[in-house]
Amino acid sequence: MVKGCCACKAVSTGVFKANGVRFYRFPVDVKKREAWVRAVSDAKGTKLWSLKSHHSLCSLHFISGEHSADPRHPDFAPTIFFKDAKEVLRRGKERKNRANAREKKKVCNDLGSFIYCNISKDNNN
C-alpha cells in the first residue's frame with residue numbers, strides 16, 4: 001500500500017523511497033498528536049484541517065529525520081514544512097555533493113597532492 005504525507009504529498013514510492021524517506025502515522029499519545037495536528041494546521045495556513053485515520057507525515061518534516069518521544073526535543077512535533085518535497089530532495093542531494101567535494105579537496109590538500117587531485121577531477125568530467 002502506498003503511503004502519503006498529508007503535509008507535502010510525498011509518497012512511499014519512486015524518488016522518496018530511493019532516498020530513504022520514512023512515513024509516520026499520527027501518534028496515539030494525545031499531547032503529541034495535538035502538537036502534530038497544530039504544526040500541520042499552521043503549515044497549511046488553516047484551522048479547518050482535520051486529522052483522518054489514514055494521514056501520516058514523512059521524515060522530511062523532522063530535523064533528525066525521525067520523531068522523538070521527548071517533549072523537550074525539537075523533533076517531538078514536525079517543524080520543517082515546504083511546498084515541494086522533490087525540490088527538497090534535489091537540494092539535499094546538491095548540498096551532499098558539495099560537502100563531498102569539499103571533503104575530497106581537504107583530503108587532497110592534506111596529502112600534498114592538490115595538483116594531482118585537480119587533474120584527476122578535470123579528467124573525470
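Just so you know, residue 1 is the first one in the sequence shown, and it goes up from there. It should be emphasised that the depicted structure is a prediction, and the values quoted were computed from it without experimental measurement. Note that these values count all heavy atoms, side chains included, but never hydrogens, waters or copies made by symmetry.
- Ring geometry for H67 versus Y24: interplanar angle over 60°, hence perpendicular rather than tilted (30 to 60°).
- If you chain together hydrophobic residues whose side chains sit under 4.5 Å apart, F23 and I80 fall into the same group.
- For the atom pair OG of S50 and NE2 of H55, the computed distance is 7.5 Å after rounding to the nearest 0.5 Å.
- The two atoms that bring A77 and F62 nearest to each other are C-CE2, 3.8 Å, heavy atoms only.
- F81 and L51 fall within the same hydrophobic cluster, where Ile, Leu, Val, Met, Phe, Trp and Tyr residues are linked whenever their side-chain heavy atoms come under 4.5 Å apart, directly or through other members.
- Proximity of H61 to C8: side-chain heavy atoms (C-beta onward) are separated by under 4.5 Å at one or more points.
- For R25, the CZ atom is loosely surrounded, since the number of other residues' heavy atoms within 6.0 Å does not exceed 12.
- The OG atom of S68 sits 5.0 Å away from atom NE2 of H73, with the distance rounded to the nearest 0.5 Å.
- Looking at S56, its side chain does come within 3.5 Å of a backbone N or O of G4 through a donor-acceptor pair.
- We find that R72 and D70 are joined by a salt bridge, their nearest charged nitrogen and carboxylate oxygen being less than 4.0 Å apart.
- Clustering ILVMFWY residues whenever any of their side-chain heavy atoms sit less than 4.5 angstrom apart, transitively, puts W36 in the very cluster that holds V40.
- Looking at heavy atoms from C-beta onward, D42 lies in side-chain contact with R38 at the 4.5 angstrom threshold.
- The shortest side-chain heavy-atom distance between P74 and T79 does not fall under the 4.5 Å cut-off.
- The minimum heavy-atom distance between G20 and S59, with the atom names listed, is O-OG, 4.4 Å.
- The shortest side-chain heavy-atom distance between F26 and V37 falls under the 4.5 Å cut-off.
- Annotation for G65 and D75: closest pair N-OD2, 4.4 Å, computed over non-hydrogen atoms.
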